[in-house]
Structures are given as C-alpha cells and as structure tokens.
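This report refers to the structure that appears directly beneath it.
Note on naming: letters A, B, ... go to the chains in the order of the sequence lines (proteins, then strands), and numbering restarts at 1 for each one.
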Amino acid sequence: MHEWALAEAIISSASKIATQEGLKEVIEVKIKVGELQQVEIDILEFALSELKKDIFKNAIFTIETVKAELKCRICGHQWVFSKDKLDVDSAEAIHFVPETAHAYIKCPRCGSPDFEILRGRGVWLESIRGVK
Amino acid sequence: MADPRIGIIDKRLEKVKRVIAVSSGKGGVGKSLIASTLALTLSQKNRSVGLFDVDFTSPSTHIILGIQNVKPKEEKGLIPADAHGIKYVSIINYSGEEALPLRGADVSNALIELFAITRWETLDFLIMDMPPGISDATLDMIRFVKKIEFLVVSTPSQLAFETVKKLLKLLLELKVPLVGVVENMKMKESNFVKTHVEALDVPFLGEIPFDPKVEEAFGNANALVNTVFAKRLTDIALKVFP
C-alpha cells in the first residue's frame, strides 16, 4: 500500500494548487504514472477515492500510464523499460525508489548502468480543472 | 504541472521535533560514524530517535551499527525499521549489495521519493547521515526539510577544514540553523579548527580524540558505545541536546 502515500501526496499537492488558483470545487485531476515505478493503478485509484473530500468530493481522477524510456549516456542506445526482465526483489526496490534502477538495469547494448530516464519515472500531477 | 511528492514532505516530518543533518565538506572525516553513534547514544538516553542514511551512493551506517535483515514495513507508505531502538531507513534496503551509481538529479529524485513515502513517527530527533559536500543532496535537504539543522564534522586537517569552511559559509548565507562543529580524530593539541569556527560565529561543540579501537567495534553496537570515541561524543551530545 505504498500507493496510499502517493495518493496522499497527490491530494495534498492538488489541494495547494486549487487554493492558489482560487478553485471552490475541483472537477478533474489528471495524473500521469510512469511504468518504471510499477504503481498498482487499481490501488492508487482506490486510495484516491477514499481520500478525496471537501473540494475534491466530486472530482474525477484520470490516470494515464506512461511508458518508461531509458537512454544510455555512454552509447546513446534508447530502450523501453520492461518489468518482465527483473526478479521480484529488484522490481520491488524500483517500485519504492525508482532510482535503484541504476543498480539493477544495464544498457542492453553496452552494459552501462549510466542511463537517463527520459520519461515514465513516477507519479506526476498533470492538470487540475475546477470551478472558481 | 507539479511533482506531487514535494508538498507532502513537511507532513511526513510533522511528528519529528528536530532534524539533525550530520554533514561535512569532504568524506573520510567520520560523519557516518558520528551520525550512527549519535543516534545510538541519544536512543540509549531514552530519546526517541530516527536515523536516515541519505548518503545514497555510499551508505555505511548499517555496517557501523551492524544492522542486518531489517526492512521498513509497507503500510500506507514506509514505516521505518527498528534497529537497536532506533527507527532506521537506508537506501541499502533497496540497493542491497549492488553499486548504485547516481547522478545529481537521480539523488534528488530518490531523496524526494523516500521523504514523501516514509512515515516517521513521533521522534525527538531524526539524525540524517548526509553525503559530503555542498551538491544536490545538501541543497535539496535545505530546500525541502524546513526544520533541518546542521551538525558539521571536521578533522584537525587544514584540508578537511577548508571544505568545512565553505559548507559553513553556505549555511550561514542561507540562514540554515547550525548546531555547531565537532572536531573528530584529534591527535595532538591545536586550536586551529576551534579558532576558525568561532571566528565565523559558529558554536564549536568539542573535540573527539582519534580512537584506534573504534574500527574493531564496527558492527557491534554494544562495543561501539563503550569506545572512547562514543563516550566523548556522548559528553558532547548531552551538552548540546540536554
């Protein structure tokens, strides 16, 4: 239920933005979730539905999954992350702290752990729509 | 639009009274040893203490304290593990024996992630073993942890103090609370560090003699607290954190 902590962070952050924007009611919150973190979308959705209250009471949380693209800093090779090649412990470590990917994933072309996460790392608040 | 993790960090630390970042300008001055032993000694004096090893590329507090096979529990986030009465979190739980090569932006992301999902309970002190220097991790901690205070470690070496001086100047410039400076591995009489620290109007907390026995105590918390090193650090800690 690590997703619960992420859901709390989303609500807290969205709440601050809604206050800054002077929203009286939030209609929609768009969230992007990178595949690298392997967030369980069902659990995240459940946590958000349990946590939403006050100005979020009627809000819809739209979650878009983003493929994780990695690029080797040594040879320039670009590839898409796949959980299937990882053992359970490594996948779990990356789930909690995606940067531990540098301990478990190597460039499939040159074997370097020095790669960049171009997109699809973790949870991102994309937009908030509401009524002023 | 926004990284949702950043806004929750204050809430995750709301039950922590004091956050002490044990830091230095360079490596090899005994920072991890002081952070680990300080956590242990305060815990043994009946304070509730957490230890967070944020030296992500070179974590070592688990070796110093002999912490093995304990892992944070997953419960609506991460609940720190319990080790020697200390609430403990280290990246070692996730990187294991593997090398974890991280660039600055990755260090920042990993720090934010762990702060955002770790549920620290009521603590008198959260001791953080910082990576050396004034790069991303230190700047991020100053940015995100509102209640941070720095305890800076130097050795008598002019080289170590030169880097410590730069760290102190940065902290003073940014108006970050400074607990003071501890001079570690003292081998002969000298007022060099004390004089220069006091000239910056920073508290000089005390000196700890070089203790050749301390290496033998690594991995054994009971032996560690009985070293000359730990006893001297305890004297300083009780004076500074009465």
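The distance from the CG atom of A:L6 to the CZ atom of B:R5 is 9.0 Å, given to the nearest 0.5 Å. Between the CG atom of A:L51 and the NZ atom of B:K76 there is a distance of 7.5 Å, given to the nearest 0.5 Å.
If you measure heavy-atom distances from B:I117 to chain A, the contacts under 4.5 Å come from both the backbone and the side chain. Residue B:K71 touches chain A through its side chain alone, counting heavy-atom pairs closer than 4.5 Å. The contact between B:A99 and chain A is made entirely by backbone atoms, counting heavy-atom distances below 4.5 Å. Proximity to chain A (any heavy atom under 4.5 Å) is restricted, for B:I91, to the side chain, taken from C-beta onward.
B:E173 CD: 12 or fewer foreign heavy atoms inside a 6.0 Å radius. In the displayed structure, B:K169 atom NZ is contacted under 6.0 Å by at most 12 heavy atoms of other residues, nucleotides or ligands.
Of all residues spanning residues 66-92 of chain A, those with a heavy atom less than 4.5 Å away from chain B's heavy atoms are A:R73, A:E92, arranged by number. Listed in order of number, the residues of residues 7-41 of chain A that approach chain B to under 4.5 Å between heavy atoms are A:E8, A:A9, A:I10, A:S12, A:S13, A:K16, A:I17, A:Q37.
Looking at every heavy atom in both residues, B:E74 comes nearest to A:H2 through OE2-N, 2.8 Å. The minimum heavy-atom distance linking B:P4 with A:W124 is given by the pair CD-CA, 4.0 Å. Heavy-atom minimum distance, A:H102 versus B:L102: CD2-CD2, 3.8 Å. Of all non-hydrogen atoms in A:W4 and B:R119, the two that sit nearest each other are CD1-NH2, 3.8 Å.
With A:E99 as the fixed residue, the side chain to side chain contact (heavy atoms under 4.5 Å, CB included) test singles out one of B:L114, B:L111, B:N109, B:L100: B:N109.
At distances below 3.5 Å, at least one donor-acceptor pair connects side-chain atoms of A:Y104 with backbone N or O atoms of B:S95.
Counting heavy-atom pairs closer than 4.5 Å to chain B, the top residue among A:A103, A:G122, A:P113 is A:A103.
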